[in-house]
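Along the sequence shown, residues are numbered consecutively beginning with 1. Both backbone and side-chain heavy atoms feed into the values below; hydrogens, waters and symmetry mates do not.
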Amino acid sequence: MIANTDTCANIKTDSAAGINTDALADTAEKETAPAVGITPWIHKVQYYETDQMQVVHHSNFIRWFEECRVHTLDEIGYGYDKLEAEGIISPVLTINAKIVKSVRFGETVKIRSAIEKFDGIRLTIKYEVLRDGDDVLCCTGETGHCFLGADGQLISLKRKFPKVYEAFRALPTEFI
C-alpha cells in the first residue's frame, strides 16, 4: 500500500480530518513525559557501502538513519510492524544530512537518535553518527514524518492511539 503523502503536504491544519495541530502542539509542549533510554544503533561499514577510495557513499547515511529509526521504534515496543498492524503508517516527508567527517570501510559507527519535534501528528527525529571508539562526529541529520491511518488520511496519535502517543512522548529529546 502506498501512503498518500499529499495528505501530509499541508499539515498545519487539516480541516477535513478535524485536526488542529496548533492546539495539539501547545499541549504537547506543556506536558513532559519521562524519557526512556534508547541504545545507539551500531553499524560496521561494509565494503559495498564505499566508493573506490573506501569512503562511505553519502547515500548510506540516509539508510543508517532508517536502521537507527527502526531500532529506536523497536526499543519502545512500537516497531513498524506493530504500528502497521494497528493501522498506522508513518511516511518519511523530509530528510536532511550533513557529513562532517568521512567514514571508511571497516570502521564501526554508532548512530544515536532523539526527538526534535513531536505533536502526535508530526514527528522529527534527529540523528548523530559517531565513529565508535573515539566518538568523532561524522554526520548529523534529521527525518520528518507524519502519521496516517490505513486509509491514507492524517491521524492524531493522541486521539486515536493514546498508548502509541505516550510511547513516542517518552522518547528522549537529547542524545543519550
Side-chain angles (χ1 to χ4, degrees), residues 3 5 8 11 25 28-86 88-147 157 161 163-176:
T5 55
C8 300
I11 283 184
E29 290 173 9
K30 292 175 187 170
E31 302 170 3
T32 56
V36 296
I38 299 296
T39 59
W41 178 248
I42 305 298
H43 180 82
K44 183 172 182 182
V45 177
Q46 302 300 306
Y47 186 74
Y48 71 85
E49 295 175 307
T50 65
D51 59 20
Q52 190 174 10
M53 298 179 295
Q54 296 187 2
V55 172
V56 169
H57 188 268
H58 63 274
S59 64
N60 288 293
F61 289 98
I62 303 304
R63 286 182 46 253
W64 297 350
F65 293 170
E66 181 171 354
E67 290 174 5
C68 181
R69 184 171 62 254
V70 167
H71 167 73
T72 298
L73 296 179
D74 284 342
E75 283 206 328
I76 65 166
Y78 283 101
Y80 278 111
D81 55 344
K82 188 169 182 179
L83 290 175
E84 290 177 5
E86 295 272 344
I88 303 167
I89 301 167
S90 183
V92 175
L93 302 175
T94 60
I95 301 171
N96 180 16
K98 180 180 179 184
I99 299 170
V100 178
K101 185 152 183 75
S102 295
V103 178
R104 298 184 171 278
F105 170 67
E107 292 182 333
T108 300
V109 293
K110 60 183 174 184
I111 302 105
R112 302 190 302 182
S113 65
I115 299 300
E116 181 71 25
K117 296 177 193 169
F118 175 65
D119 64 9
I121 297 168
R122 296 169 292 200
L123 170 68
T124 303
I125 303 174
K126 58 186 176 180
Y127 306 89
E128 280 187 337
V129 178
L130 305 166
R131 192 168 54 213
D132 198 27
D134 60 7
D135 286 344
V136 168
L137 180 65
C138 299
C139 182
T140 61
E142 65 180 33
T143 56
H145 310 263
C146 70
F147 297 97
L157 292 182
F161 300 95
K163 288 182 181 177
V164 177
Y165 174 79
E166 290 303 324
F168 273 86
R169 282 193 51 233
L171 285 166
T173 57
E174 299 299 326
F175 295 116
I176 298 174

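By the side chain to side chain donor-acceptor pair (under 3.5 Å) test, Lys126 pairs with no residue at all, sequence neighbours left out. With sequence neighbours left out, the salt bridge (charged side-chain N to carboxylate O under 4.0 Å, His left out) criterion links Arg63 to Glu49, Glu67. Take Asp134 and apply the salt bridge (charged side-chain N to carboxylate O under 4.0 Å, His left out) test, not counting sequence neighbours, and it matches Arg131. Arg69 meets the salt bridge (charged side-chain N to carboxylate O under 4.0 Å, His left out) test with no other residue; sequence neighbours excluded. Scored by the side chain to side chain donor-acceptor pair (under 3.5 Å) test, Ser59 finds His57 as partners (sequence neighbours excluded).
One finds the CG atom of Leu83 at 6.5 Å from the CG atom of Leu73 (value rounded to the nearest 0.5 Å). Note that NZ of Lys101 is 13.5 Å distant from SG of Cys139, once rounded to the nearest 0.5 Å. In this structure, CG in Leu130 is found 5.0 Å from CZ in Arg112, a value given to the nearest 0.5 Å. We find the CG-OH distance between Asp119 and Tyr165 to be 8.0 Å, quoted to the nearest 0.5 Å. With rounding to the nearest 0.5 angstrom, the CD1 atom of Ile125 is 5.0 Å from the CD1 atom of Ile115. The distance from atom CD of Glu142 to atom CG of Leu123, rounded to the nearest 0.5 Å, is 10.5 Å.
Residues Ser90 and Phe147 share a closest heavy-atom pair of OG-CE2, 3.8 Å. Taking all atoms of both residues into account, the shortest heavy-atom contact from Lys82 to Gly77 is CD-O, 3.1 Å.
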Would Asp74 and Tyr80 satisfy side chain to side chain contact (heavy atoms under 4.5 Å, CB included), going step by step from the backbone distance to the final call? CA-CA 8 Å; Asp74 284 342; Tyr80 278 111; over 6 Å; no

Is there a salt bridge (Lys or Arg N to Asp or Glu O under 4.0 Å) between Glu166 and Arg169 once you walk through the steps? CA-CA 5 Å; Glu166 290 303 324; Arg169 282 193 51 233; 2.9 Å; yes

Verdict with reasoning, Phe61 to Ile95, per side chain to side chain contact (heavy atoms under 4.5 Å, CB included): CA-CA 11 Å; Phe61 289 98; Ile95 301 171; over 6 Å; no

Check the pair Thr39, His71 against side chain to side chain contact (heavy atoms under 4.5 Å, CB included), reporting the backbone distance first and the verdict last. CA-CA 9 Å; Thr39 59; His71 167 73; 3.0 Å; yes

Might you work through the side chain to side chain contact (heavy atoms under 4.5 Å, CB included) test for Ile176 and Ile38, ending with a clear yes or no? CA-CA 7 Å; Ile176 298 174; Ile38 299 296; 5.5 Å; no

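Leu171 is not listed as a side-chain neighbour of Phe118, based on a closest heavy-atom distance of 4.5 Å or more. Between His145 and Thr143, the closest side-chain pair of non-hydrogen atoms falls below 4.5 Å.
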Validation: residues 102-111 side-chain donor-acceptor distances under 3.5 Å, sequence neighbours left out:
| unit_1 | atom_1 | unit_2 | atom_2 | d |
| --- | --- | --- | --- | --- |
| Arg104 | NH1 | Met53 | O | 3.1 |
| Glu107 | OE1 | Arg104 | N | 2.9 |
| Lys110 | NZ | Asp135 | OD1 | 2.8 |

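The residue from Val45, Asp51, Val129 that alone fulfils the side chain to side chain contact (heavy atoms under 4.5 Å, CB included) condition with Val56 is Val45.
Taking the six-membered ring where the residue is Trp, Tyr127 and Phe65 present parallel rings, their angle staying beneath 30° rather than reaching 60°.
Without hydrogens or angle criteria, Glu116 side chain to Ala114 main chain gives no donor-acceptor distance under 3.5 Å.
The ring of Tyr78 has its center no closer than 6.0 angstrom to the ring center of Phe161.
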